[in-house]
There are 4 protein chains.
Amino acid sequence: MPLSPFIFQLAPSSGVPIYRQLMEQINRMTASQQIKAGDYLPSVRQLATELDVNPMTISKAYGLLEAQGTLKRVRGKGMVVVESTQKQSIEHRLNALNPLVNDLIKQCQQLDIDQDQVLNWLKEQFKKEWI
Amino acid sequence: MPLSPFIFQLAPSSGVPIYRQLMEQINRMTASQQIKAGDYLPSVRQLATELDVNPMTISKAYGLLEAQGTLKRVRGKGMVVVESTQKQSIEHRLNALNPLVNDLIKQCQQLDIDQDQVLNWLKEQFKKEWI
Amino acid sequence: MPLSPFIFQLAPSSGVPIYRQLMEQINRMTASQQIKAGDYLPSVRQLATELDVNPMTISKAYGLLEAQGTLKRVRGKGMVVVESTQKQSIEHRLNALNPLVNDLIKQCQQLDIDQDQVLNWLKEQFKKEWI
Amino acid sequence: MPLSPFIFQLAPSSGVPIYRQLMEQINRMTASQQIKAGDYLPSVRQLATELDVNPMTISKAYGLLEAQGTLKRVRGKGMVVVESTQKQSIEHRLNALNPLVNDLIKQCQQLDIDQDQVLNWLKEQFKKEWI
DNA sequence: GTGGTCTAGACCACC
DNA sequence: GTGGTCTAGACCACA
């Protein structure tokens, strides 16, 4: 029963609701099969403690993922990833980055940064920051 | 001639408050001097109509930018960019992209996409989407 | 125990915006440490009811005091005075009265009242009205 | 025809509407007979130029003072102080300072300044600032 | 319960 | 025409 080897990173002051941040991260991890069918997610209380967040917030995220069909509630055991999830194609996963990249492009233009500058800088940043 | 040649793009469902999106965009445009000292911003009502948003929302953004020292109220004429703003260095502007890039890196890892894949794809996307 | 032992006095017809009156009074009370670091201000809704004012007006004042660095939002608990505030020197606090005193002097001159007359009268008034 | 020997002092950013500041100042000057029955006020245009204010603002103040019975419009000559005004008693004029003094007392209390401190300081300020 | 955001609509002061 | 202030009421995120 893999409890919480998952890396969740929250940005509390980003304006994006915490439950949405959680949902998006879990969705990405199922898309990449870092969480597979049958895996159990950390319990509401455990994750709440770990992230220093109200348990109701975790519960809300789990509830919505259940409604969306990604998770299933198992009485007495917790939330389990449903069997239908499978690793999505690389194209599909890259496309999930589209909103972020469009934002990036828009911000570059507003900051008057050109393509080569930002691409070179991104390469550097990736080398530095990639864990 | 306080027209509105500025391109504001809102993401209403992003969770980021509209007034914040506006503030950030205006801050970026002053950082790149696409809006220069002495320029007039579009009027509250005009921008509200253009973006289909309540005037008070625009007004809140302008008011906070005034409190922050970026804009100044000119009676009967509108909001003008203060004189002290100047174009910021390319390093400074690239650093403004940091939060977005950290997000990008995090999402790639959660989607199990490796560095070369994403960098190549970014190059393509930039060529396609850059206006 | 975020109660409301603070006395706010509004002058609705003074022309000074309500949110500004609130901000000024709160600033004075932190300057004199009648509100100390860690104290909770009355909730938006409570103060709105108490002062018979729209909640958004209170909220605007609190929001600006937060932007100004005097208050901090604590999720689910309310607005708390930040730790950095300290009692300001008597000189500093007296100087805060400058605009009012300049106004007083100007009005005396326009009313053809001389210095001794007004100073004696002020002494009396202070004795009578001081709570 | 005494044109504009009057000293008007405006505080444009005080939040008090300019037309009200004007009205109050003119009322004080009639109360003290610094402006007497039969005196002509400066013309709208002249005062507007002098104070760097929109003529409509002056006009509004004059109009309200006319409605209030203090001034009278004389065709082709301007606004004249009506005959009924007379110098008011010193008590009456001191009472006109009441709102300001109540404000002063309130601010002192909120700033935790005691009576003797403020009275001594006021004496000094009066000596320094009185023109 | 807490604060935050947004809307629709009114009125004010000033150019 | 410009921005500013306020209201009444709705909905959201979080404790």
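In what follows, every chain begins at residue 1, and chains take the letters A, B, ... in the order their sequences are listed.
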Original post:
Considering heavy-atom distances to DNA chain E, does B:Arg20 or C:Gly78 have its closest nucleotide positioned more toward the 5' end?
Top reply: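 Residue closer to the 5' terminus by nearest nucleotide: C:Gly78.
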Closer than 3.5 angstrom, by distance alone: can the side chain of [X] be matched with the main-chain N or O of [Y] as a donor-acceptor pair?
{"X": "B:Asn102", "Y": "B:Pro99", "answer": "no"}
{"X": "D:Ser32", "Y": "D:Arg28", "answer": "yes"}
{"X": "C:Thr30", "Y": "C:Gln33", "answer": "no"}
{"X": "B:Thr49", "Y": "B:Arg45", "answer": "yes"}

Let me know the distance between [atom1] of [X] and [atom2] of [N], rounded to the nearest Å.
{"X": "A:Leu51", "N": "F:dA13", "atom1": "CG", "atom2": "P", "value": "18 Å"}
{"X": "C:Tyr40", "N": "E:dG1", "atom1": "OH", "atom2": "P", "value": "18 Å"}
{"X": "C:Met79", "N": "E:dG1", "atom1": "CE", "atom2": "P", "value": "19 Å"}
{"X": "B:Ile58", "N": "E:dC6", "atom1": "CD1", "atom2": "P", "value": "10 Å"}
{"X": "C:Leu22", "N": "E:dG3", "atom1": "CG", "atom2": "P", "value": "13 Å"}

**OP:** Would you check, one step at a time, whether the test side chain to side chain contact (heavy atoms under 4.5 Å, CB included) holds for A:Lys72 with A:Met79?
**Re:** CA-CA 6 Å; A:Lys72 222 184 127 185; A:Met79 303 298 291; over 6 Å; no
Subject >> For DNA chain E, the dot-bracket pattern of Watson-Crick and G-U pairs whose distances stay under 3.5 Å, | for other-strand partners >> reply: ||||||||||||||.
Subject >> Sequence-aligned protein contact record of nucleotides 7-12 of chain F, with B where the base is within under 4.0 Å of a protein heavy atom and S where only the sugar-phosphate is >> reply: BBB---
Subject >> Intermediate values then yes/no, side chain to side chain contact (heavy atoms under 4.5 Å, CB included), B:Gln107 and A:Leu100 >> reply: CA-CA 10 Å; B:Gln107 293 200 12; A:Leu100 212 48; 3.7 Å; yes
Original post:
Could B:Lys106 and B:Asp103 be called an ion pair, given the rule that one side-chain N must be under 4.0 Å from one carboxylate O?
Top reply: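 So B:Lys106 pairs with B:Asp103 through a salt bridge.
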**OP:** Would you mind telling me which of E:dT2, E:dG4, F:dG3 lies closest to the side-chain atoms of C:Arg73?
**Re:**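 The closest nucleotide is E:dG4.
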Original post:
Quick one: is E:dG4 close enough that its OP1 or OP2 comes under 4.0 Å of any side-chain N or O from C:Ser59?
Top reply: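 So the side-chain polar atoms of C:Ser59 do come within 4.0 Å of the phosphate oxygens OP1 or OP2 of E:dG4, strictly under.
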Original post:
Hey, are C:Gln25 and D:Gln110 close enough side-chain-wise for a donor-acceptor pair under 3.5 Å?
Top reply: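 Per modelled atom types, D:Gln110 and C:Gln25 side chains form a pair under 3.5 Å.
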Original post:
Among B:Val82, B:Leu41, B:Val80, which residue meets the side chain to side chain contact (heavy atoms under 4.5 Å, CB included) test with B:Leu71?
Top reply: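 Testing each of B:Val82, B:Leu41, B:Val80 against B:Leu71, the sole residue satisfying side chain to side chain contact (heavy atoms under 4.5 Å, CB included) is B:Leu41.
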